[in-house]
Each structure stands twice: as C-alpha cells, then as structure tokens.
Chemist: 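One structure coming up, written as structure tokens, with questions to follow.
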Amino acid sequence: MKNGDHLFLVDGSGFIFRAFHALPALTRKSDKLPVGAVSGFCNMLWKLLVDARNTEVGVTPTHFAVIFDYSSTTFRKAIYPEYKANRSAPPEDLIPQFGLIREATRAFNLPCIELEGYEADDIIATFARQAEAAGAEATIISSDKDLMQLVTERVHMYDAMKDKQISIPEVIEKWGVPPEKMIDLQALTGDSTDNVPGIPGIGPKTAAQLLETFGDLETLMERAHEIKQDKRRESIIAGRELVKISKQLVTLKTDTPVTEALDDLALEPQNGPKLVAFLKTMEFTTLTRRVAEATGTDAAEIEPADVPVVWDGARGPDLDKTDATPKAEKKATPSSPAAASPKTDAADEVADNATAMSQARAEFFATHPIDHSTYETVRDRSALERWVAMARETGIVAFDTETNSLDPMQAELAGFSLAVADNAASPRGDVTRACYVPVGHKSGHGDLLGGGLAENQIPVREALEILKGLLEDPSVLVIGQNIKYDWLVMKRHGIAISTFDDTMLMSYVLDGGGNTTHGMDALSERWLGHKPVPYKDVTGSGKGAVTFDLVDIDKAKTYAAEDADITLRLWQVLKPRLVAKGLTRVYERLERPLVDVLARMEERGISVDRQILSRLSGELAQSAARIEDEIYQLAGERFNIGSPKQLGDILFGKMGLPGASKTKTGQWSTSAQVLEELADSGLPLPRKIVDWRQLTKLKSTYTDALPGYIHPETRRVHTSYAMASTSTGRLSSSEPNLQNIPVRTAEGRKIRTAFIAEPGNLLVSADYSQIELRVLAHIAEIPQLKQAFADGIDIHAMTASEMFGVPVEGMPSDVRRRAKAINFGIIYGISAFGLANQLSIERSEAGEYIKKYFERFPGIKDYMEASKAKARENGYVETIFGRRIHYPEIKSSNPSVRAFNERASINAPIQGSAADIIRRAMVQIEDALETSGINARMLLQVHDELIFEAPENEAEKAIPIIREVMENAAMPAISMSVPLAVDARAAKNWDEAH
DNA sequence: ACGTACACCTA
DNA sequence: GTAGGTGTACGTC
C-alpha cells in the first residue's frame with residue numbers, strides 16, 4: 001500500500017445493529033427469514049464499491065475490508081467484567097443475520113476480518129494506523145463515536161446511512177474536542193450502552209469544557225482540586241480509579257495481532273456469478289438485477305447459493321456455530337504462546353490493571369463478608385421473573401443446582417440458586433445478591449412412595465420454563481463451579497446452558513499443580529477467606545443423612561444461595577487474574593470448550609454386555625477357588641490371601657522364604673515384584689499368589705463392579721470425567737474408572753470384549769502412537785528422535801542402536817526392551833534407582849546407561865536441566881500451549897521431596913503437552929464429523945486414545961476424519977517439528993478395535 | 001462410619 | 001522414575 005491508495009474499513013458489527021434499527025423490517029418471501037439488515041448491508045457495499053466517488057467520500061477505494069466483532073469475550077471484559085454487560089440479547093430477528101452478513105461479505109469477494117479477544121474497533125484502529133503510516137488514506141465506514149479518536153488528516157469516517165463524511169471539523173463540531181482528545185472525553189463521560197463507568201454527572205459538554213481548561217485528562221486529574229464547583233470536584237476526585245479503567249476501556253488498540261497485511265486487503269474484482277447467486281438466495285430482486293447488469297452476468301442462469309442459516313424460527317440461536325470456524329481460530333492463533341501475550345508495555349498495563357481489579361475485589365469481599373440474612377427464597381413465578389430480569393440487567397449470573405444425587409446422570413432437581421451483582425450498589429459489581437428457588441423439595445411425611453411435594457414451591461415445569469430463557473440466552477454469561485455437573489443436570493431437564501464460565505476451571509488454569517485443589521470450599525477459603533456452610537451440616541451424615549430434596553427449605557436456602565454467591569464472587573476475583581497471568585487463552589481454548597464435549601460423552605455412556613461379564617466372573621471365581629486350595633495346601637494352613645499382612649507372615653515368617661523386604665511401615669512386602677523374584681527361583685507358592693491376585697483383581701474391580709454402573713434407564717455405563725483433578729492437564733475418570741480397563745494380559749483383555757457397540761454399530765478406537773516421545777523430541781529438539789519419527793522408524797530400536805551400537809536390523813529383543821525402558825524413564829524424569837528397579841539390574845549399571853544416553857542425546861540433558869531451573873525460578877513449568885504446572889516444593893530442603901519435584905517438573909511439560917493436544921482434538925472432532933456428515937459419537941478418552949461409536953456403514957469413513965483432526969490437533973497454535981501419528985480401527989468390541 | 005496402607009489396573 | 005482410581009484389609013473413632 002502506498003501514497004494515493006485509499007483503504008475502506010467497514011465496521012460490520014456496528015452496521016448490523018444500526019441497519020437493523022434504522023431500516024424497515026424485511027423478510028425473505030419464501031420462508032420469512034428476516035433479512036432487513038443484510039439487505040441494507042449489501043446495498044451499502046455495492047454503492048461503495050461502484051459509486052463511492054458520488055458519495056460524500058468522493059474517492060474510489062483501492063483496498064477494502066469488513067471487520068467484525070469475534071465474540072463477547074475481549075480483553076476489555078477481562079479488565080472490567082461489567083464491560084458491555086448490560087447489553088441485552090440481540091433481537092430474535094437479528095440473530096440469523098449475523099451469519100448472513102459474513103456470507104454476504106464473502107460473496108462480495110471482500111476480506112471478512114475478525115480476531116478473538118478484540119472488538120472490531122481495535123482491528124479497524126490497527127489497519128487505519130497502518131494505512132496512515134504507509135502514506136495512504138483510510139475511511140472508516142461507521143458513525144460510532146468510539147471510532148472518532150482515530151480521525152486525523154488522513155483518516156476519515158463516513159456515515160453511510162446519512163451519506164455524511166466525518167473528519168476533524170465534524171468531530172470538533174459534534175463533541176467540542178478534536179479527535180485526539182476523544183479518548184479523554186469518553187473516559188470522563190463513560191458510556192452507558194457499553195457500561196463504561198466514567199464520572200457520574202459529567203457529560204460531553206462538561207468534559208469538553210474541563211479538557212479545554214486543563215488541556216488533557218492527566219493534567220485534569222492532577223489538578224482536580226482546582227475545580228471550583230464543589231460537587232464536580234468531589235466526584236472527579238472520587239472517581240479517579242474508575243476514570244483510569246474507563247480510559248483503558250475506550251482506548252482502541254492500534255497494535256492488535258492482525259494476520260492480514262494491508263496488501264492482502266487490495267480490492268479484488270467482483271465475481272459476478274458468485275455474488276448474484278448469493279443475492280438471488282436472499283431474494284433481493286432489485287440488487288440482483290443491478291449487479292447482474294454491472295457484472296455482465298445472466299441472472300437467470302445462476303443457481304441460488306447454498307447459504308447456511310442458523311435460524312429455526314422460535315428456538316434460540318447457536319451463535320457459537322456461526323463463529324467458531326477453524327478459519328477464525330487460524331486467524332486468531334499466533335504460532336507460539338510467547339506470541340500470544342507479547343510483553344509490551346500495553347500488555348503489562350493490562351495485566352497490572354487486572355491484578356489491581358482482582359485485589360480490589362478480594363479486599364472488598366474481605367470487608368463485606370458473606371451475609372446469609374440477605375438470601376431470599378423464591379416461591380412464586382413473579383419473584384423468579386424479577387430475579388431473571390436482574391440477571392439480564394448485567395448479563396451475568398452465577399447458577400447452581402441442588403439435587404438428590406452426586407451423579408448428574410441420576411440426579412433429580414431439588415432446586416437451583418442464582419446470584420447477581422448489584423451494579424447500582426457498586427459500579428465495580430462486587431455487591432452480590434443471591435436467592436434459592438426450591439422446586440422439588442419433599443414434605444418429608446409422605447407415604448411409602450416418597451413424600452409429597454412441600455408447599456409453596458413454583459411448579460417445576462413453570463420454573464424451568466422461565467429459567468430456560470435465561471440459561472439458553474447466548475448473551476447471558478452463566479457462571480458455575482464445576483459447571484459440567486449443572487450442564488448435565490439441566491440438559492436432562494431440557495435446558496442447554498449456552499454461554500458459561502467455570503470458576504473451578506479458572507482456578508485449575510491459574511493454580512494447577514502443587515497440592516492445590518479447586519473445589520468450592522477450598523476456593524472460598526483461599527480467595528474470600530470464608531468457610532462455607534458444610535454440606536453435612538445441611539443433609540446430615542452417615543446413617544442419618546438425607547438427600548437434598550428432603551432438607552428443610554429454609555436451611556437449604558442458606559446453603560444453596562451461598563454457593564451461588566460464592567461462585568459469583570470467585571468469578572469476580574479469578575477472571576481478572578486469568579488476564580493478569582496471561583492464561584485466558586489456556587482457559588478459553590483448552591478448558592472451557594471441553595466442558596460440553598465431555599458432558600455429552602458422559603451423557604452418551606457406553607454399552608457393556610452384562611452376560612459377558614457375568615460369565616467371566618464365574619470363570620474367574622472357579623479358577624481363583626482352585627488356586628486358593630492349592631495355596632492352602634502349599635502353605636499348610638488356611639488364611640486370608642487378600643491380606644498382605646497375613647500373607648507376609650506366612651511367607652517370610654512361618655516359611656522363612658528368602659528375599660524379604662519391608663514396606664515403609666515395616667510390614668513384609670508382598671508386592672508382585674517380590675513374588676515374581678521368588679517364583680523365578682523355583683518356588684511354586686509365590687507364583688500361585690500372583691495368579692490368584694490377578695484373577696481376584698479382575699473379578700472384584702471389573703467383572704463384579706462394572707454391572708453395578710449400568711444405568712437403569714439408558715442401560716449404558718456413564719463414567720464421570722474430572723477436568724481439574726490432575727496436575728498435568730490430563731483428565732481422570734471415575735465411577736467407574738474407564739481409563740484403567742485391563743489390556744496387557746490375555747485374561748484382562750477379555751474384560752474389554754464386554755465393551756460393545758449397539759447393534760448395527762461399531763466401536764472405533766483411535767490412539768496416538770508414542771505421543772509423549774514425539775512431544776519430547778519436539779520440546780528438547782533431539783535430531784535423531786525427530787528423524788526417526790519423520791522416517792517412521794521403530795523408535796526404541798533406534799535408541800538401542802544409538803546406545804549399544806547394535807544395527808536396527810535383527811536387533812535382539814532384550815536390547816530393544818532395555819532401550820524402551822530407558823525411553824520411558826526419560827519421560828518420567830529418570831533416576832538410576834528407578835531404572836535399576838525397572839530392569840532388575842544394578843544401580844551402577846543403570847547409571848552407566850543413563851550416562852551413555854545423555855552422551856548420545858545431549859539435548860535431553862539440556863531439557864531436563866532447563867525444566868528444573870525453570871521450576872526453581874518461576875515456581876512452575878509449562879506445556880507447549882502455555883498451561884502452567886506449579887511446583888512450590890521444588891526448593892524443599894528435604895532431598896527426596898526435592899528430587900521428586902524435579903522428576904515431576906521434567907515429566908509435566910511432556911505429559912501435559914500430550915494431554916493438551918488430545919484436548920484440542922476433542923474440542924474440534926465433533927464439528928469435523930458433523931461437517932463431514934458422519935454420524936459418529938465420541939464416547940471415551942483414555943489419555944492418548946479416543947473411542948467412538950458409529951453406524952456400521954459409517955465407521956470406516958469416520959476413521960480418516962478422526963485421524964486428520966487428531967494428527968493436526970496441535971496446529972495452528974503450535975507447529976510441531978515431529979509428525980503425530982494415529983492408529984485407528986473399527987470393530988464390534990473395544991478389545992478388537994484397540 | 002471413615003481414613004490409611006497396600007496392591008494393581010491404565011497411559 | 002510420571003500421572004491417575006479402586007478394592008480389600010484393618011486401623012481408628
């Protein structure tokens with residue numbers, strides 16, 4: 001771009017709203033799809049493209065772009081959570097038009113630009129300044145005063161509705177200050193539509209006058225005491241903090257990380273047929289004719305375009321779908337986490353401010369503790385409607401369900417609680433109000449069929465209907481603590497929570513690792529200094545425990561409303577901290593989008609064949625009984641084989657076998673390793689114990705326990721995934737744990753044959769091959785490892801060959817086995833002690849191996865030292881996507897504690913990066929399958945493996961899609977220097993699919 | 001009834 | 001040597 005060029009920047013998002021309200025409502029004839037704003041938009045674009053010279057702009061563009069807001073979560077929201085919080089939901093008729101306007105932009109062959117975390121205005125500011133710097137001119141198609149700060153000699157604005165140019169004189173005329181002082185003016189006046197605070201009582205006139213007198217905002221604030229008018233002086237001095245924040249909010253960023261260069265915005269010739277096809281689809285007859293004529297297109301010959309519409313009349317919109325395209329991510333994601341948060345002064349300032357906000361709130365909460373007496377029980381429709389209205393005012397509501405079960409797949413609703421911020425009471429939003437809405441409490445003295453409903457509760461259907469409107473509104477942010485639970489419960493009650501945040505996950509991202517837990521009680525004590533009412537005080541414990549629906553409503557109110565209140569307060573403290581620490585991206589990319597993905601997996605469950613398990617259980621019982629008899633024979637007495645204490649006494653006390661070792665509590669160790677060694681020396685008894693343990697383990701943990709988890713209605717097994725329980729970012733699975741189903745032995749694998757596809761379907765298993773070693777090769781930059789993975793060579797054989805000088809061809813299996821153990825050892829933060837144990841060799845020999853390994857692969861040693869150093873310096877290490885894992889004990893004076901933390905800090909970036917990669921895959925994969933029209937459902941995750949269920953004739957087609965997503969899951973955030981490989985198979989059961 | 005130790009299943 | 005969860009035995013309250 002050069003002198004004489006002219007860039008047009010259309011504020012697409014601003015235009016949508018303005019056109020919608022200014023132009024007459026218009027619907028598409030064929031299906032009543034509202035298209036008024038789209039029509040106005042198309043007409044405007046066309047006019048600017050072919051006829052701009054005849055408007056007030058007076059010049060023809062050489063470059064052109066349309067800019068959109070990406071989503072409601074921007075850095076401003078992080079600085080000041082109430083920013084734009086009072087925006088109500090977009091009108092129903094406008095919603096389908098958001099997507100259509102983007103489609104229209106593409107049909108006009110114009111770049112459609114958006115960037116996560118930034119508003120359209122920031123992107124516009126960036127391009128305008130770039131154009132100016134290049135010696136060109138820019139015209140911003142908008143009349144929004146927020147953009148007027150950008151106006152200069154070379155940057156203009158244009159109000160397309162009024163055909164009016166806005167340059168420096170127009171700004172001065174309208175606002176009384178030149179464009180460069182618009183920021184100061186807005187900081188003083190605030191903006192009620194965006195909820196920017198400003199100073200109460202100061203409007204544009206006063207602000208302009210003050211700025212005229214003092215010159216600029218900084219001087220004004222310094223010399224505020226000189227202001228003569230008492231009230232004005234006081235309010236300005238009192239509002240200095242808010243002015244600071246306001247200024248940050250209204251200052252547009254001119255250095256957003258846009259991925260398009262100015263030259264990418266050069267105007268392309270119109271594609272007549274493409275545009276005509278779109279306009280025909282919209283049924284804009286006049287414009288279609290005009291465009292067809294101008295581009296020499298025969299409109300009659302053109303088929304209408306296939307335009308996706310997110311609209312089904314009465315139902316709410318799915319805004320995520322319109323926006324969350326892979327393309328959007330590509331644009332928004334820089335190539336490394338370092339680039340994600342460049343350490344500029346501006347970024348530092350944002351972080352400092354966010355920290356200040358978090359601290360200010362924490363202090364406020366410390367002096368304004370939780371007050372149970374303010375909580376309200378909502379017992380009628382109109383009261384609930386009032387609460388919903390209050391929630392809509394700020395667009396932010398904390399929500400919590402109370403049920404009769406910890407299992408979200410079984411839970412029935414007892415009630416729910418809401419908490420909202422009272423902005424009138426405190427502009428910082430930290431005065432909270434909370435209520436409890438009982439809907440399913442029982443009276444307690446019912447008949448045998450269960451108590452009747454307690455009195456004075458809103459009928460559950462009515463309450464849910466009102467609640468649905470709030471929770472499904474995409475413009476209302478629903479805050480939960482472990483919201484996956486509430487998401488599932490509400491889903492089972494017909495409500496799909498739309499836009500949400502989760503305080504548990506925020507805490508996990510901020511403080512993962514260490515011995516930190518992220519449950520609400522712990523968070524409340526940590527951040528609010530408040531100990532919540534213990535659950536057991538409400539329901540009782542032990543034998544006298546009751547389910548929540550039987551709790552007295554008044555008691556329930558205190559507990560439940562407090563939960564919502566705490567959740568809202570936690571959010572207010574934690575949200576700005578995410579920004580301050582630069583962890584918003586981790587939270588928004590790796591945590592939050594996984595919530596509903598996992599919830600759906602849990603909801604689907606997997607089919608388990610009772611008969612197979614029951615038959616296996618019988619077989620195991622018989623075999624175990626036989627071995628049991630033999631054991632008693634050999635031992636000469638009957639005893640409890642399952643008691644390590646009794647067993648140790650028999651083996652090492654009574655029989656005096658050699659090789660005894662002690663556990664840390666001084667008991668004889670009877671571990672498998674000890675028994676194996678005894679067996680190898682020819683004794684029959686230890687082997688039988690090992691065999692007996694294997695059989696009874698399989699029986700009790702799997703064949704006997706699993707059927708108890710089959711859901712009475714779905715007839716499937718629904719595990720529960722914990723998102724915030726591991727230090728590294730892995731998931732964990734419980735009730736039942738489906739991440740430890742046996743696979744290593746033939747006996748154990750039989751359990752897997754009981755995990756089956758529904759009739760007419762297949763299970764598809766897809767697992768990453770050697771993902772952790774690949775991640776290691778990437779992170780530590782080991783040339784030989786990278787080469788081996790690039791060439792698809794057996795990685796353990798390669799390692800053995802390098803270390804022991806044995807050719808890969810015809811390598812003895814034992815040599816390879818040792819190399820494999822070393823490779824795993826490296827991932828685990830190797831020690832000579834551990835490797836010696838694993839390989840049953842001397843510690844000195846293990847030490848030699850390690851030394852040799854480090855000589856051959858010096859980068860590994862460097863990586864390990866760097867990891868430890870980083871943990872010592874920062875207190876945490878990071879995955880390749882920026883997830884932090886904290887090691888507060890890395891400097892412990894206890895050498896074994898220290899060594900343990902060092903090994904863990906070596907392992908965490910490897911294990912954690914692999915965990916992040918599969919998380920990314922899981923977030924993308926459902927959309928990828930749906931887009932491909934394949935009906936495959938993701939059921940399970942086992943750390944490096946995903947299991948799907950698909951109709952027989954679609955399973956094979958699903959495999960390449962799944963593989964594609966998984967193998968490219970690190971992209972585009974990280975470009976790995978090692979390829980990822982995925983093995984996948986379809987079969988009737990999990991054993992054969994794996 | 002609850003907590004801890006031990007053993008053993010997974011990646 | 002890393003990261004998890006569960007079942008049994010056995011101690012304590």
Side-chain angles (χ1 to χ4, degrees), chain A residues 512-513 536 540-545 639-648 662-675 689-690 692-702 704-706 708-709 719-722 725-745 747-749 751-752 767-773 776 821-839 843 846 849-850 864 867 885 896 899-912 914-915 918 940-945 994:
Chain A
K536 280 176 180 154
S541 65
K543 215 165 148 244
F639 65 102
N640 186 346
I641 308 168
S643 163
K645 189 167 173 289
Q646 292 183 34
L647 178 63
K662 297 280 182 75
T663 68
K664 65 169 182 268
T665 52
Q667 291 290 320
W668 300 117
S669 169
T670 65
S671 68
Q673 192 176 2
V674 169
L675 298 179
I689 308 272
V690 169
W692 181 88
R693 279 196 182 150
Q694 191 201 7
L695 299 175
T696 53
K697 170 79 179 178
L698 293 175
K699 182 170 184 298
S700 66
T701 309
Y702 302 104
D704 291 354
L706 279 172
Y709 287 102
T719 185
S720 171
Y721 288 106
S725 79
T726 73
S727 55
T728 55
R730 274 191 179 180
L731 303 175
S732 72
S733 156
S734 63
E735 293 180 295
N737 181 355
L738 296 186
Q739 290 180 323
N740 72 346
I741 302 302
V743 68
R744 286 182 195 185
T745 65
E747 273 302 300
R749 270 201 300 278
I751 310 275
R752 290 197 172 213
D767 68 290
Y768 283 109
S769 159
Q770 308 283 10
I771 187 167
E772 292 191 351
L773 277 176
L776 173 68
I822 296 169
N823 276 332
F824 273 98
I826 295 297
I827 291 172
Y828 296 154
I830 202 153
S831 75
F833 179 85
L835 183 63
N837 250 342
Q838 178 68 30
L839 289 176
R843 207 184 314 185
Y849 285 177
I850 294 168
M864 291 180 160
S867 274
I885 300 110
S896 71
F900 177 79
N901 277 272
E902 288 175 353
R903 289 193 297 273
S905 71
I906 290 166
N907 171 260
I910 304 169
Q911 187 184 121
I918 199 166
L940 302 178
Q941 189 248 41
V942 192
H943 307 309
D944 65 359
E945 175 187 14
H994 183 73

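Lettering follows sequence order; numbering is per chain, from 1. Remember, it's a predicted structure, so these values are computed and weren't measured experimentally.
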Chemist: Which one, C:dT2, B:dA7, C:dG1, comes nearest to the side chain of A:Phe833?
Modeler: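 Between C:dT2, B:dA7, C:dG1, the one nearest the side chain of A:Phe833 would be C:dG1.
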Chemist: Students often get this wrong, so: under 4.0 angstrom with heavy atoms, is A:Glu945 touching a base, only sugar-phosphate, or nothing?
Modeler: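 Since no nucleic acid heavy atom lies under 4.0 Å of A:Glu945, the category is nothing.
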Chemist: Between B:dT10 atom C1' and A:Asp767 atom CG, what is the distance in whole Å?
Modeler: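 To the nearest whole Å, that distance equals 13 Å.
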Chemist: Is A:Gln646 close enough to C:dC10 that one of its side-chain N or O atoms is under 4.0 Å from OP1 or OP2 there?
Modeler: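 So the side chain of A:Gln646 is within the cut-off, an N or O lying under 4.0 Å from OP1 or OP2 of C:dC10.
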Chemist: Side chains of A:His943 and A:Gln911: do they bring a donor and an acceptor to under 3.5 Å?
Modeler: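 No, no side-chain donor-acceptor pair sits under 3.5 Å.
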Chemist: Passes side-chain hydrogen bond (donor to acceptor under 3.5 Å, both in side chains), A:Ser831 versus A:Arg843? Steps please.
Modeler: CA-CA 9 Å; A:Ser831 75; A:Arg843 207 184 314 185; over 6 Å; no
Chemist: Report the distance from atom CD of A:Gln667 to atom C1' of B:dA7, rounded to the nearest whole Å.
Modeler: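 That distance rounds to 13 Å.
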Chemist: Rounded to the nearest 0.5 Å, what separation is found between the OH atom of A:Tyr709 and the CG atom of A:Leu738?
Modeler: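 The OH atom of A:Tyr709 sits 9.5 Å away from the CG atom of A:Leu738.
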Chemist: With respect to the phosphate group of C:dG4, does any side-chain polar atom (N or O) of A:Ser727 fall under 4.0 Å of OP1 or OP2?
Modeler: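 For C:dG4, OP1/OP2 do have a side-chain N/O of A:Ser727 under 4.0 Å.
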Chemist: Counting distance alone, no hydrogens or angles: does the base of B:dC9 have a donor or acceptor under 3.5 Å from a partner atom on the side chain of A:Lys697?
Modeler: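 Absent.
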Chemist: Distance check: side-chain N/O of A:Thr663 vs OP1/OP2 of B:dC6, anything under 4.0 Å?
Modeler: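 For B:dC6, OP1 or OP2 has a side-chain N or O of A:Thr663 closer than 4.0 Å.
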Chemist: Rounded to the nearest Å, what distance is computed from the NZ atom of residue A:Lys664 to the P atom of nucleotide B:dA5?
Modeler: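 Checked: the NZ to P distance equals 6 Å.
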Chemist: Rounded to whole angstrom units, what separation is found between the CD atom of A:Glu747 and the C1' atom of B:dC9?
Modeler: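 After rounding, the reported distance stands at 15 Å.
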Chemist: Would the base of C:dG4 count as contacting A:Gln739 through its side chain, where contact means a donor and an acceptor less than 3.5 Å apart?
Modeler: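 Counting by modelled atom types and ignoring angles, no donor-acceptor contact under 3.5 Å is found here.
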Chemist: If you check the A:Val743 side chain, which of B:dA11, C:dG1, C:dG4 turns out closest?
Modeler: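 Per side-chain heavy atoms of A:Val743, the pick is B:dA11.
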Chemist: Round to the nearest Å and state the distance from A:His994 atom NE2 to B:dC9 atom C1'.
Modeler: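 Interatomic distance, NE2 of A:His994 to C1' of B:dC9: 14 Å.
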Chemist: Taking atom C1' of B:dA11 as reference, at what distance in whole Å does atom CG of A:Asn740 sit?
Modeler: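 Atom CG in A:Asn740 sits about 10 Å away from atom C1' in B:dA11.
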Chemist: Distance from A:Gln838 atom CD to A:Phe833 atom CZ, nearest 0.5 Å?
Modeler: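 CZ of A:Phe833 is found 12.0 Å from CD of A:Gln838.
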Chemist: Write down the distance between CG (A:Leu738) and C1' (C:dG4), rounded to a whole number of angstrom.
Modeler: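 Distance check: A:Leu738 CG to C:dG4 C1' gives 14 Å.
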Chemist: Any side-chain N or O of A:Arg744 less than 4.0 Å from the OP1 or OP2 oxygen of B:dT10?
Modeler: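 Yes, such a contact exists.
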Chemist: CZ of A:Arg752 versus P of B:dT10: gap in Å, rounded?
Modeler: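 Result: 8 Å.
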Chemist: Would you say the side-chain atoms of A:Ser643 pair up with the backbone N or O of A:Gln646, donor to acceptor, closer than 3.5 Å?
Modeler: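 Here the side-chain-to-backbone pair exists.
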